[in-house]
Amino acid sequence: MANLYWNKKIETATRDELNKQQLKLLKQQVKYCYENSLFYRNKFKAARVIPDDINTLEDANKIPFTSKMDLRDNYPFGMVSVPLDEIVEIHASSGTTGNPVVGAYTTNDMNIWAELMARSLYATGVRKQDVMHNAYGYGLFTGGLGFHYGAQKIGTKIIPISGGMTQRQIKLMKDLGSTILCCTPSYALYLAEAMTKEGIKPSLDLKLKKGLFGAEPWSERIRERIQTELEIEAYDIYGLTELCGPGVSVECSEHNGLHIWEDHFLIETIDPKTGDVLPAGEEGELVFTTLTKTGLPILRFRTRDISVIATEKCECGRSHSRMMRIRGRSDDMMIIRGVNVFPSQIEYAIMGLPELAAQYQIILERPDVLDVFTIKAELTEKTQNSTPEELRALKLKIKQKVNNITGLSPIIELAKPGELPRSEGKAKRVIDMRSGKI
Ligand code: ADP
Ligand code: ZN
């Protein structure tokens with residue numbers, strides 16, 4: 001049987017072995033932070049904790065949280081824990097307001113990142129023989145280069161196309177025989193749409209087999225659409241600049257959650273309101289601690305990403321815990337007329353309708369006291385010629401689907417095919433105009 005694992009020993013280690021290794025690394029990482037970072041030393045002092053207090057994995061909950069704000073406040077190098085000469089590469093997150101979040105890597109950090117990306121790609125079936133069309137943005141964003149380094153480690157042929165120039169992307173995908181597509185899920189949908197316009201049938205004209213999609217929340221419905229429209233198998237992959245970039249977790253062929261590489265990251269789920277640790281299996285905010293980072297180690301980072309952790313061994317043989325598809329970011333959660341709603345819930349509710357294209361927008365306004373909640377959905381080439389009665393019925397259907405899930409009754413507007421903005425990177429689906437948010 002072909003080898004399934006990039007690093008069989010560690011990917012299939014028993015829970016006991018993993019826990020033992022994690023505890024050893026956690027103690028080391030905490031000590032390292034305490035000794036090398038004034039930021040962490042101060043945090044520990046304020047919380048009256050010393051490294052010797054950490055004797056079990058559960059003791060991690062004594063360590064104070066680190067937030068995105070801490071990284072912003074200490075921009076650019078305040079949290080770097082090595083002499084700056086040892087930093088060999090710097091990335092930054094796509095944050096559009098305030099100071100960006102900087103990721104600073106030592107040679108060791110770069111090696112681990114490449115290793116974890118190789119492991120992640122391999123788990124989805126990427127091999128040396130593949131041709132990888134990498135349409136994640138190259139540059140400061142960790143997406144492009146993260147995939148690049150991982151693929152290079154496997155020896156896969158990489159097409160570093162980055163984002164943009166969609167027609168040329170399709171031409172190159174065809175001419176170079178790409179077998180793997182890597183990009184955001186929203187860009188995958190855009191590519192699929194552009195292919196249809198050009199009369200390209202993926203299974204006939206292209207060699208694409210699989211795609212690795214991440215960097216933004218996406219729903220099961222969007223997976224179905226991508227799989228049908230591009231005629232490929234779609235894998236979810238997750239990461240964030242604060243930890244390394246992509247390569248923190250990835251789906252295996254079971255498509256039942258994303259394996260978190262626990263030999264490098266300690267995972268906890270917390271109640272986002274109280275900060276209390278939740279038992280595995282309960283939905284909450286993911287909190288990660290890096291176990292092996294040296295440049296910019298992160299203890300108990302609050303991701304604001306909402307998910308559930310499954311700790312049982314997976315059918316694929318890997319023991320590393322799985323995080324279920326991210327439901328959304330806690331700060332993306334909308335409060336509409338007092339109801340908590342994630343954009344992904346709306347997406348799930350309406351993207352199953354074949355009458356609609358894969359684009360939508362959520363618009364929130366507050367002309368006086370009450371929120372006005374509008375969903376703009378886009379018609380397809382086929383449905384744009386529907387009769388007024390059919391359109392009315394479609395609007396009602398969308399409204400009911402959203403109502404079933406949220407209890408809210410949005411105003412539904414139908415846009416013409418191609419009218420809503422397409423994204424080459426992370427999509428912006430929510431336009432919140434309440435209290436001058438925009
Ligand atoms: P930014 O915060 O500017 O988007 P990053 O590029 O580091 O910075 O993005 C990391 C974030 O992207 C994660 O915290 C998460 O919210 C989101 N993300 C990344 N991968 C996925 C995924 N597979 N599913 C859902 N969300 C994801
Ligand atoms: Zn698995």
Side-chain angles (χ1 to χ4, degrees), residues 4-6 8 11-12 67-69 71-72 91-103 113 117 119-120 122-125 136-137 139-147 163 182-186 188 211-220 222-223 226 234-262 265 285-288 296 298 301-307 310-333 342-344 347 423 425-429:
L4 290 176
Y5 314 103
W6 175 254
K8 185 168 183 195
E11 291 176 54
T12 61
S67 69
K68 216 176 185 92
M69 220 33 180
L71 284 150
R72 289 216 163 111
H91 284 268
S93 81
S94 52
T96 43
T97 52
N99 287 335
V101 167
V102 164
W113 188 21
M117 265 315 291
R119 203 195 276 178
S120 302
Y122 206 87
T124 68
Y136 282 108
L140 274 179
F141 173 54
T142 52
L145 283 163
F147 278 77
C182 304
C183 62
T184 59
S186 46
L212 277 76
F213 307 109
E216 63 182 1
W218 54 311
S219 65
E220 230 16 71
I222 293 290
R223 188 206 306 265
I226 292 176
Y235 286 82
D236 197 354
I237 178 158
Y238 168 90
L240 51 158
T241 311
E242 292 85 349
L243 298 185
C244 64
V248 173
S249 65
V250 72
E251 273 182 347
C252 62
S253 53
E254 297 295 317
H255 297 287
N256 184 18
L258 293 77
H259 288 286
I260 300 163
W261 301 126
E262 290 187 273
F265 306 106
E285 176 181 345
L286 299 181
V287 169
F288 284 99
L296 213 164
I298 297 275
F301 181 68
R302 289 192 60 160
T303 61
R304 301 175 298 178
D305 293 328
I306 306 294
S307 175
T311 48
E312 311 81 53
K313 192 167 177 167
C314 178
E315 288 294 317
C316 74
R318 291 181 182 84
S319 46
H320 297 237
S321 299
R322 284 160 291 148
M323 49 185 260
M324 295 302 137
R325 179 186 281 293
I326 298 277
R327 196 145 79 89
R329 297 200 204 189
S330 58
D331 48 359
D332 280 350
M333 192 185 75
F342 281 105
S344 60
E347 178 175 304
S423 141
K426 301 190 188 221
K428 182 165 168 41
R429 309 261 194 221

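Basis for what follows: all heavy atoms, side chains included, without hydrogens, waters or symmetry-related copies. For reference, positions follow the sequence shown, starting with 1. Start at 1 and go down the list; that is how both ligands and their atoms are numbered.
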At under 4.0 Å between heavy atoms, what of Ile237 touches ligand 1? The answer is backbone
Can a non-hydrogen atom of Arg304 be found less than 4.0 Å from any atom of ligand 1? no
State whether the shortest distance between N or O atoms of Thr241 and N or O atoms of ligand 1 falls below 3.5 angstrom. yes
Glu242 to ligand 1: N or O pair under 3.5 Å?
no
message = Does the plane of the ring in Tyr136 sit parallel, tilted or perpendicular to the ring in Phe147? Use 30° and 60° as the thresholds.
response = parallel
For the residue pair Tyr235 and His255, categorise the inter-ring angle as parallel (less than 30°), tilted (30 to 60°) or perpendicular (more than 60°).
tilted
Determine whether the side chains of Ser321 and Glu262 contain a donor N or O and an acceptor N or O closer than 3.5 Å. yes
Between the side chain of Ser219 and the main-chain N/O of Glu347, is any donor-acceptor distance below 3.5 Å?
no
A student comparing Glu251, Arg327, His91, Glu216 should find that the heavy atom closest to atom 26 (N) of ligand 1 comes from Glu216
Among Ser219, Ser344, Ala215, closest by heavy atom to atom 12 (O) of ligand 1 is Ala215
Cys314 SG to Cys252 SG via the Zn ion (ligand 2), rounded to 10°, gives 110°
At under 4.0 Å between heavy atoms, what of Leu240 touches ligand 1? The answer is both
Strictly by modelled atom types, are Glu285 and Thr303 linked by a side-chain donor-acceptor pair under 3.5 Å? no
Please confirm whether Lys68 approaches ligand 1 to less than 4.0 Å, judged on its heavy atoms.
yes
* To do: Would you tell me whether Trp218 and Ser186 have side-chain atoms, one donor and one acceptor, within less than 3.5 Å of each other?
  => no
